[in-house]
4 protein chains.
Amino acid sequence: MTTASDATRERILEAAETVFGDKGYHDAIVDDIGRATSISKGGLYFHFPKKEVLFFAVMDRLADRLVQKAEMAAAAQTSPLASAEAALEAVLTSLSKRRRIARLLIVQGYSMGNSFERKRVEVFDRFAAIIRDHLDRAVSSGEVRPVDTHIAARVWLGAMNEVIIHWLYEGGDSPVQSMPTIKRLLSAGIAPEREGQ
Amino acid sequence: MTTASDATRERILEAAETVFGDKGYHDAIVDDIGRATSISKGGLYFHFPKKEVLFFAVMDRLADRLVQKAEMAAAAQTSPLASAEAALEAVLTSLSKRRRIARLLIVQGYSMGNSFERKRVEVFDRFAAIIRDHLDRAVSSGEVRPVDTHIAARVWLGAMNEVIIHWLYEGGDSPVQSMPTIKRLLSAGIAPEREGQ
Amino acid sequence: MTTASDATRERILEAAETVFGDKGYHDAIVDDIGRATSISKGGLYFHFPKKEVLFFAVMDRLADRLVQKAEMAAAAQTSPLASAEAALEAVLTSLSKRRRIARLLIVQGYSMGNSFERKRVEVFDRFAAIIRDHLDRAVSSGEVRPVDTHIAARVWLGAMNEVIIHWLYEGGDSPVQSMPTIKRLLSAGIAPEREGQ
Amino acid sequence: MTTASDATRERILEAAETVFGDKGYHDAIVDDIGRATSISKGGLYFHFPKKEVLFFAVMDRLADRLVQKAEMAAAAQTSPLASAEAALEAVLTSLSKRRRIARLLIVQGYSMGNSFERKRVEVFDRFAAIIRDHLDRAVSSGEVRPVDTHIAARVWLGAMNEVIIHWLYEGGDSPVQSMPTIKRLLSAGIAPEREGQ
DNA sequence: GATGAATGAGCCTTCATTCAT
DNA sequence: GATGAATGAAGGCTCATTCAT
């Protein structure tokens with residue numbers, strides 16, 4: 001119950017969240033965090049043995065908060081589907097409110113300032129453009145219902161991205177195996193309206 | 001048309017793709033690439049003025065190849081929707097075949113070996129678990145059709161991730177604004193089967 | 001006569017002897033000693049104002065014990081020469097029994113783990129090899145009596161080493177001045193047996 | 001045959017010998033050596049991957065020179081015993097001429113400025129005093145021939161020291177086992193003169 | 001065009017020491 | 001007397017980049 005010590009820990013975590021969020025992992029130098037906390041570098045290392053450990057502690061703390069929000073939002077719903085949607089929305093909403101947090105969670109492990117991420121966005125935009133282009137035509141032809149193809153293309157790509165990341169780190173079946181399922185999931189989402197729907 | 005020079009450039013790009021793919025941007029030190037090419041560090045710098053430039057050149061080259069594949073796959077289809085699906089599948093298939101390429105494109109701008117990305121996977125898994133849990137119940141209750149909720153949850157999260165990244169770098173409306181559209185897109189994808197479908 | 005305090009002092013000294021003996025001065029960090037004593041760092045500093053002071057206190061305590069042993073051994077002899085020999089033997093025997101003590105006294109002021117001392121051994125071995133080689137031939141030719149040249153060479157080198165160290169720190173005549181004396185001392189030690197001896 | 005590079009290496013080695021000799025391993029900071037060479041820190045690390053490696057390279061170079069001198073001195077003698085003596089004398093003479101070299105070879109792996117070594121000298125002096133005291137009496141009583149007991153005591157201690165160091169690092173029989181041999185070697189060195197000698 | 005020795009700014013980490021409690 | 005959180009100076013090492021040859 002070393003409350004004093006815990007408070008310091010919390011202060012460090014708070015400051016680190018800001019600094020990492022602003023500069024990314026690599027560009028955030030340990031002195032920056034010390035300065036932001038007015039705790040000496042040595043003090044930082046007393047609480048966190050490595051910069052990396054501190055960074056991960058920040059992410060865990062952040063994830064805890066978001067998970068909690070997601071769960072509360074889900075609990076407030078009546079149907080399971082509504083709960084699932086609410087959970088997703090809760091996270092997305094939280095991240096939308098705090099840009100810094102979003103960057104920290106999603107891309108600030110990235111380095112090179114943000115130039116890498118910009119390049120990644122650029123590349124994905126090229127893919128998205130192709131998909132969007134075809135979706136636009138599909139809308140025109142009535143093959144799919146009128147949707148915001150901008151968003152739809154991005155959703156498609158995001159799905160792919162996530163599936164691949166998971167495979168990269170968790171292994172398991174090749175993403176290609178999941179393709180039919182993914183395709184059905186995504187295509188059904190844009191299927192033409194049924195009357196009465 | 002200094003073909004000789006171009007060949008050297010290509011050799012460098014080839015080796016750099018391997019090295020960056022294996023180690024990530026930060027952990028790939030310039031000497032590594034030199035060693036892999038048997039071109040001296042000075043030689044590298046003759047062709048690419050900065051490490052960053054080389055990295056981006058590698059990504060562009062890679063994107064070019066993927067875009068071409070996506071376009072060819074799309075062109076081989078008859079309907080626009082099939083084209084869109086084919087484009088997505090082409091990219092996903094390519095990346096599935098070459099793990100190194102996938103890592104390079106998707107996560108190797110990350111640093112810290114891969115520990116950051118692992119942490120990101122861990123965090124996202126927590127979110128996915130929540131969503132999957134609710135989707136499972138929705139399936140049980142018949143609220144949605146039987147789907148692989150594992151994949152579905154990941155698709156949802158991927159969609160969210162992509163939308164946020166785009167917003168982070170391109171700005172524009174808050175992701176929250178897109179939420180209704182996203183929600184509809186995703187929910188429609190798991191809506192109960194209609195008879196006759 | 002703060003007996004309690006003295007007991008603590010003794011506990012610290014005891015633990016410090018172990019830790020310094022195991023790791024050497026530099027590699028023994030103050031926390032190590034604290035941990036070995038279950039006395040906090042602050043407590044250590046209450047009794048010894050500096051790490052160096054503690055280290056020297058350990059050495060003094062050790063020297064006291066050895067000196068006492070040497071003197072007792074000497075006192076138990078009847079002839080002066082036997083006393084001198086007994087004193088030397090007592091120290092050597094004590095150190096032989098406790099490797100850690102020997103290291104503390106003789107080499108643990110050294111740093112770099114023990115790699116420096118290893119290198120020193122290596123270098124001295126090269127010198128010893130040269131001397132031994134010649135002594136072996138001298139034995140063969142009957143110029144000197146049959147002795148363990150391995151030990152003899154080491155004795156010679158040790159003598160040189162000690163004389164130089166003394167000169168380095170106490171100054172005085174150049175070691176070269178002592179050379180004739182040393183030479184005579186050492187050579188007489190290996191002179192051929194006289195009949196009747 | 002990268003003569004240019006080798007020359008730099010040599011320059012570094014030269015400067016490092018001076019700096020290590022003056023300050024000891026720990027107190028010689030890498031920048032010191034850089035400054036002394038007017039070679040940048042990076043340059044140093046290009047030639048020697050670690051401070052430790054540089055230090056050992058210095059010691060090896062030094063040992064090479066001394067070994068050569070010892071061997072030449074030995075070769076110039078006619079009898080094997082004279083050769084052995086000459087080898088020892090050559091090393092001792094070399095070290096006597098260059099105090100810095102002597103310190104580097106013998107004690108500069110030590111740290112703590114030189115305070116540790118001073119303490120070591122102090123401790124050994126206490127042992128030496130005991131031995132000398134008894135030897136003095138042995139001289140008075142005619143038990144041994146008149147010798148410089150100051151030097152003799154130091155020779156005895158040096159022998160012990162060397163034998164223990166060797167045992168510490170090379171293992172083998174306990175030094176106690178060698179005691180009879182050592183005792184005989186040393187005592188014979190101070191035995192009373194025979195007539196006609 | 002290519003080489004590789006040299007540069008040097010920069011950063012993480014260690015650890016003896018202090019001091020409020 | 002003791003604790004342990006906090007300090008901060010110091011130093012080893014890395015690595016992108018340059019440039020004389």
Side-chain angles (χ1 to χ4, degrees), chain A residues 2 4-9 12 26-34 37-54 112, chain B residues 2 4-5 7-9 12 25-34 37-54, chain C residues 2 4-5 7-9 25-34 37-54, chain D residues 2 4-9 12 26-34 37-54:
Chain A
T2 29
S5 179
D6 283 359
T8 305
R9 244 188 98 89
I12 294 174
H26 261 99
D27 290 344
I29 67 185
V30 176
D31 294 78
D32 283 343
I33 300 169
T37 336
S38 67
I39 282 181
S40 69
K41 219 187 309 194
L44 251 42
Y45 275 87
F46 180 80
H47 291 281
F48 300 92
K50 275 171 158 297
K51 185 188 180 187
E52 205 180 294
V53 170
L54 173 55
M112 306 163 60
Chain B
T2 30
S5 179
T8 305
R9 244 186 99 87
I12 294 174
Y25 179 78
H26 260 98
D27 290 345
I29 64 185
V30 177
D31 295 78
D32 284 342
I33 300 169
T37 336
S38 66
I39 283 180
S40 74
K41 223 188 313 195
L44 252 41
Y45 274 86
F46 178 80
H47 291 282
F48 300 91
K50 279 172 150 295
K51 184 187 181 188
E52 209 180 290
V53 171
L54 171 56
Chain C
T2 30
S5 179
T8 305
R9 244 188 98 88
Y25 179 77
H26 260 100
D27 289 346
I29 63 185
V30 177
D31 294 77
D32 283 343
I33 300 168
T37 337
S38 67
I39 283 180
S40 73
K41 223 188 314 195
L44 252 42
Y45 274 87
F46 178 81
H47 291 281
F48 300 91
K50 279 172 150 295
K51 184 188 180 187
E52 207 181 291
V53 171
L54 172 56
Chain D
T2 28
S5 179
D6 282 359
T8 304
R9 244 187 99 89
I12 295 174
H26 260 98
D27 291 343
I29 64 185
V30 176
D31 295 79
D32 284 343
I33 300 169
T37 337
S38 67
I39 282 180
S40 70
K41 216 188 313 192
L44 251 44
Y45 275 88
F46 180 80
H47 291 281
F48 300 93
K50 275 172 158 297
K51 185 187 179 186
E52 207 181 291
V53 171
L54 172 56

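Predicted model, so just to flag it, every value in this text is computed and none were measured. Chain naming here is simple, since letters A, B, ... match the order of the sequence lines and numbering starts at 1 in each. Any value given below was found using the heavy atoms of this structure, including those in side chains, with hydrogens, waters and symmetry copies removed.
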TODO: Using whole Å, report how far CG of C/L54 lies from P of E/dC15.
DONE: 16 Å
Atom pairs, N/O to N/O, protein against nucleotides 16-20 of chain E, distance under 3.5 Å?
{"from": "E/dA16", "atom 1": "OP1", "to": "C/K51", "atom 2": "NZ", "distance (Å)": "3.0"}
{"from": "E/dA16", "atom 1": "OP2", "to": "C/V30", "atom 2": "N", "distance (Å)": "3.0"}
{"from": "E/dT17", "atom 1": "OP1", "to": "C/K50", "atom 2": "NZ", "distance (Å)": "2.8"}
{"from": "E/dT17", "atom 1": "OP2", "to": "C/Y45", "atom 2": "OH", "distance (Å)": "3.0"}
{"from": "E/dT17", "atom 1": "OP2", "to": "C/K51", "atom 2": "N", "distance (Å)": "3.1"}
{"from": "E/dT17", "atom 1": "O4", "to": "C/K41", "atom 2": "NZ", "distance (Å)": "3.1"}

- [ ] Report the residue from D/I33, D/D27, D/D32 that forms a side-chain contact (heavy atoms from CB on, under 4.5 Å) with D/I29.
- [x] D/D32
TODO: Nearest whole angstrom, please: distance from the C1' of F/dA16 to the CG of B/D32.
DONE: 13 Å
Open item on the list: With a 4.0 Å cutoff (strictly under), does any side-chain N or O of D/T8 reach OP1 or OP2 of E/dA6?
Closed with: yes
Task: Qualifying side chain to side chain donor-acceptor pair (under 3.5 Å) pairs with a residue from residues 42-51 of chain C, counting only residues at least two apart or across chains - done: none
- [ ] To the nearest 0.5 Å, tell me how far D/R9 CZ sits from D/L54 CG.
- [x] 9.0 Å
Open item on the list: Both B/H47 and D/S40 contact DNA chain E. Which one's nearest nucleotide lies toward the 5' end?
Closed with: B/H47
- [ ] Looking only at non-hydrogen atoms, find the nearest pair between D/T8 and D/I39 and report the distance.
- [x] CG2-CD1, 3.3 Å
Task: Length of the CG-C1' vector between A/D6 and F/dG4, whole Å - done: 14 Å
- [ ] First locate atom CD1 of D/I12, then atom CG of D/L44, and finally report the distance between them rounded to the nearest 0.5 Å.
- [x] 4.5 Å
TODO: Taking side-chain contact (heavy atoms from CB on, under 4.5 Å) as the test, write out the residues that go with D/F46, two or more places apart.
DONE: none
TODO: Could you provide the dot-bracket string of DNA chain F, using ( ) for intrastrand pairs, [ ] for crossing pairs and | for bases paired to another strand, with Watson-Crick or G-U pairs below 3.5 Å?
DONE: .||||||||||||||||||||
Task: Rounded interatomic separation in angstrom, taking CZ from C/F46 and C1' from F/dG4 - done: 17 Å
Open item on the list: Using whole Å, what does the distance between atom P of nucleotide F/dC15 and atom CG of B/L44 come to?
Closed with: 16 Å
TODO: Report the distance from atom CG of A/D27 to atom C1' of E/dC12, rounded to the nearest whole Å.
DONE: 15 Å
